[in-house]
Amino acid sequence: MTVSLNTELTGSRPAGSGLPAIGDWTTFDELRAAQDERIAPALHHARNSPFYEKRLESGQTLSAVGLTGKSDLRDSYPFGMLAVPRERLATYHESSGSTGNPTPAYFTEAEWTDLADRFVRKTVPIGPEDTMLVRIPYGLVLAGHMAHWAAMRSGATVVPGDCRSLAVPYSRVVRLLHDLEVTLTWSTPSESLLWVAAAKAAGYPAGSFPALRALYVAGEPISSARRRRIEEIWGALVIEEYGCTEVGPLASDCPYGRMHFWADRVLPEIYDPQTGDITAEGTGQLVITPLYREAMPLLRYNLEDLVDLRYEDCPCDWKLPTVRVLGRLGQGYTVGGKRLGQIQVEELVYRLPASWGVLFWRARAEQDRLVVEIEVPGPDGGDAAALLAASVKEELGVRCAVSAVPEGTLVPSALLAEQLDAMKPRKLFGPDEDWGQAIVRG
């Protein structure tokens, strides 16, 4: 897939917002100077919250501030991080999957301008001619509401296809995609492959969705091979976004396929848990300080995501650092003495020839080998299994046993028409886990 190399992003600064736009500086030194100007106001405002009032000393600089962790947010539930009067709040959210006290997040109406503005920084922009399917949870999480508001503000027609709603099973999703001539979607990468299976189950032939021009994806790591496969199947660009409920969008792709961090709005730093050092760039855990946060200021908030962040030139000429998301702390399994993550296995699965039709897979990391099943709809199962086993052995250096299973085994076709609360295939399992639970419901 190709994209126009026009680096002017629509909606990069709402009129009268006072927020910076991508083109407001021409060097990284100018960007750093703009960041420095915002740090003192951010520190001053943070002292309005009960949490930072106790933690910060007068005149303290950011370099002397300790890390803020998710446990701090949970311990401060619900409003210990609040830095504005309650009547100024516009929305309240919580991160999904929290244990114990939830991780809260809240925003003022003014902050919603910043959230929407960062979301529409896309190389395939949103406009009045677009119809966008939002297939991300709404509920208490931020992502669905944020995309909904950002698309409406850009003039688009929004289809609220909440992926955790009983009212929108997969059969309905593909009907909406087809009948409404949806041009943009917002989902996880896994969702877009489930739509492929659902469209096939519903009898839609290839090429039935010509209006679709881009799939915005987030919420899980995606390998370059899976991105290419999704683009080939749908005939549309995949635009990846990286963010979190606590802060919103943090990064997205440029026209040259590199992800840039929105460092004009959120200051990124890199934390080395082995040494305790915090640096401006490098590889380690991502630490962020939002520069325009009102309701819930965060100072050196450790997301615990492993990233590689670099202030380096890119052909797009955006003077914003590039970021590669390497995974979440603690993910992966050891096989034959080597550490494996899902993204490594996924890359090899989706390098298999597209003509073999492999969409779904699962793997179990045993002590001395990786066991994989791939769903192969045609007669090429044996060849696909042999090629994948050889690729894993050669490129990852571990023994691998691969089996090809018939279409509908890993993602049963009947489930695609059921009134499910949620369905998300899981791929990589530990040696003692039941991989029969590959379809997560609820």
Asks: Run the side chain to side chain donor-acceptor pair (under 3.5 Å) test on S252 and Y216 for me, step by step, so that the C-alpha distance in whole Å, both residues' side-chain angles and the decisive distance to 0.1 Å come before the verdict.
Replies: CA-CA 10 Å; S252 190; Y216 302 155; over 6 Å; no

Asks: So, T283 side chain and D308 main chain: donor-acceptor pair closer than 3.5 Å or not?
Replies: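 Between the backbone of D308 and the side chain of T283 there is no qualifying donor-acceptor contact (under 3.5 Å).
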
Asks: In the structure I gave you, are the side-chain heavy atoms of T289 and I39 within less than 4.5 Å of one another anywhere?
Replies: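 No; the side chains remain at least 4.5 Å from each other.
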
Asks: Do I343 and S223 touch side chain to side chain, with heavy atoms closer than 4.5 Å?
Replies: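 Touching, per the 4.5 Å side-chain cut-off.
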
Asks: For the residue pair V84 and L82, establish whether any side-chain heavy-atom pair is separated by less than 4.5 Å.
Replies: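 Answer yes - side chains close enough.
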
Asks: Only one of N302, D305, T68 passes side chain to side chain contact (heavy atoms under 4.5 Å, CB included) with V287; say which it is.
Replies: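 So, applying the side chain to side chain contact (heavy atoms under 4.5 Å, CB included) to V287 and each of N302, D305, T68, only N302 qualifies.
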
Asks: Are any non-hydrogen side-chain atoms of W25 and D264 less than 4.5 angstrom apart?
Replies: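 Yes. Closest side-chain heavy atoms under 4.5 Å.
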
Asks: Might you work through the side-chain contact (heavy atoms from CB on, under 4.5 Å) test for F360 and L194, ending with a clear yes or no?
Replies: CA-CA 9 Å; F360 308 115; L194 287 167; 4.0 Å; yes

Asks: May I ask you to check whether E94 and T245 show a side-chain donor-acceptor distance below 3.5 Å?
Replies: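 Result is no, nothing qualifies.
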
Asks: Hey, is CD on Q60 packed in by over 12 heavy atoms from elsewhere, all under 6.0 Å?
Replies: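 Yes, enclosed.
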
Asks: Indicate whether any N or O donor in one side chain lies under 3.5 Å from an N or O acceptor in the other, for T61 and S63.
Replies: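 Yes, a side-chain donor-acceptor pair sits under 3.5 Å.
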
Asks: Quick one: does R135's side chain have a donor or acceptor within less than 3.5 Å of a partner on T185's backbone?
Replies: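 Answer holds: no.
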
Asks: Decide, yes or no, whether a salt bridge links R228 with E232 under the criterion of side-chain N to carboxylate O below 4.0 Å.
Replies: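 Salt bridge absent between R228 and E232.
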
Asks: Anything under 30° is parallel, anything over 60° is perpendicular, the rest tilted; go ahead and classify H93 against H145.
Replies: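 Ring orientation, 0 to 90° scale: tilted.
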
Asks: Is any side-chain heavy atom of H260 less than 4.5 Å from a side-chain heavy atom of R121?
Replies: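 They are not in side-chain contact.
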
Asks: Quick one: sort the W195 and W234 rings into parallel, tilted or perpendicular, breaks at 30° and 60°.
Replies: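 Perpendicular.
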
Asks: Just by modelled atom types, is the L396 backbone N or O under 3.5 Å from a matching donor or acceptor in the Q344 side chain?
Replies: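 Not at all, since once roles are kept as given, no pair shorter than 3.5 Å links the two residues.
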
Asks: Any donor-acceptor pair under 3.5 Å linking the side chain of E281 with the backbone of Y311?
Replies: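 Yes; judged by distance alone, with no hydrogens or angles, the pair exists.
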
Asks: Within the distance-only criterion (no hydrogens, no angle test), does the side chain of R47 pair as donor or acceptor with the backbone N or O of E57 below 3.5 angstrom?
Replies: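 Confirmed, R47 side chain pairs with E57 backbone.
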
Asks: Got a donor-acceptor contact below 3.5 angstrom from the E231 side chain to the V238 backbone?
Replies: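 Between the backbone of V238 and the side chain of E231 there is a qualifying donor-acceptor contact (under 3.5 Å).
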
Asks: Using side chain to side chain contact (heavy atoms under 4.5 Å, CB included) as the criterion, point out the one residue from R258, M259, K122 that pairs with D253.
Replies: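 One option only clears the test, and that one is M259.
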
Asks: To the nearest 0.5 angstrom, please state how far the CG atom of L212 sits from the CG atom of L177.
Replies: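 These two atoms lie 7.0 Å from each other.
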
Asks: Using only atom types and a distance under 3.5 Å, with no angle test, would you say the side chain of D130 pairs donor to acceptor with the backbone of G127?
Replies: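 Yes, because the side chain of D130 sits within donor-acceptor range (under 3.5 Å) of the backbone of G127.
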
Asks: Can you find a pair of side-chain heavy atoms, one from C163 and one from V168, that are under 4.5 Å apart?
Replies: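 Of all side-chain heavy-atom pairs linking V168 with C163, none is under 4.5 Å.
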
Asks: Working note: Y350 + L193, criterion side-chain contact (heavy atoms from CB on, under 4.5 Å); need CA distance, chi angles, decisive distance, verdict.
Replies: CA-CA 12 Å; Y350 291 105; L193 290 175; 3.4 Å; yes

Asks: Do E312 and T322 pair up side chain to side chain, a donor and an acceptor below 3.5 Å, judged on atom types alone?
Replies: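 The criterion, which ignores hydrogens and geometry beyond distance, is satisfied for T322 and E312.
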
Asks: Salt bridge check, K319 against D313: does any charged N sit closer than 4.0 Å to a carboxylate O?
Replies: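 Here D313 pairs with K319 in a salt bridge, since their nearest N and O are under 4.0 Å apart.
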
Asks: Using the rule given for side-chain contact (heavy atoms from CB on, under 4.5 Å), can you reason through F261 versus I288, listing the C-alpha separation, both sets of side-chain angles and the distance that settles it, and then say yes or no?
Replies: CA-CA 11 Å; F261 196 93; I288 58 174; 3.8 Å; yes

Asks: Ignoring hydrogens and angles, tell me if any N or O in the side chain of E395 forms a donor-acceptor pair with the backbone of S391 under 3.5 Å.
Replies: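 Looks like no, no N/O pair under 3.5 Å.
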
Asks: Treating Q285 as the side-chain partner and Y271 as the backbone partner, does any N or O pair qualify as donor plus acceptor under 3.5 Å?
Replies: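 Checking the backbone N and O of Y271 against the side chain of Q285, no donor-acceptor pair under 3.5 Å is found.
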
Asks: Between E433 and R364 (salt bridge meaning N to carboxylate O under 4.0 Å), is one present in this structure?
Replies: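 Looking at R364 together with E433, the answer is no, because their closest N to O distance does not fall below 4.0 Å.
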
Asks: Which of parallel (below 30°), tilted (30 to 60°) and perpendicular (above 60°) describes F79 and Y106?
Replies: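 It falls in the tilted class, 30° to 60°.
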
Asks: Less than 4.5 Å apart, any side-chain heavy atom of I278 and any of L67?
Replies: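 Side chain of I278 against side chain of L67, heavy atoms only: contact under 4.5 Å found.
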
Asks: I would like to know whether L62 and L267 meet side-chain contact (heavy atoms from CB on, under 4.5 Å); could you show each step before the answer?
Replies: CA-CA 11 Å; L62 185 64; L267 176 68; 3.6 Å; yes

Asks: Using modelled atom types only, decide if a donor and an acceptor are shared between the side chain of R293 and the backbone of H45 within a distance under 3.5 Å.
Replies: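 Judged by distance alone, no pair lies under 3.5 Å.
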
Asks: Grab the two heavy atoms, one from G341 and one from L428, that are nearest each other, plus how far apart they are.
Replies: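 Scanning both residues completely, I find the closest heavy atoms to be C-CD2, 4.0 Å.
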
Asks: Roughly how far, to the nearest 0.5 Å, is CZ of R399 from CG of D368?
Replies: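 Interatomic distance, D368 CG to R399 CZ, rounded to 0.5 Å: 4.5 Å.
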
Asks: Charged N to carboxylate O under 4.0 angstrom, D114 versus R118?
Replies: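 Looking at R118 together with D114, the answer is yes, because their closest N to O distance falls below 4.0 Å.
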
Asks: If I compare all heavy atoms of P268 with all of Q35, which pair ends up nearest, and what's the gap?
Replies: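 Heavy-atom minimum between the residues: CD-NE2, 4.3 Å.
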
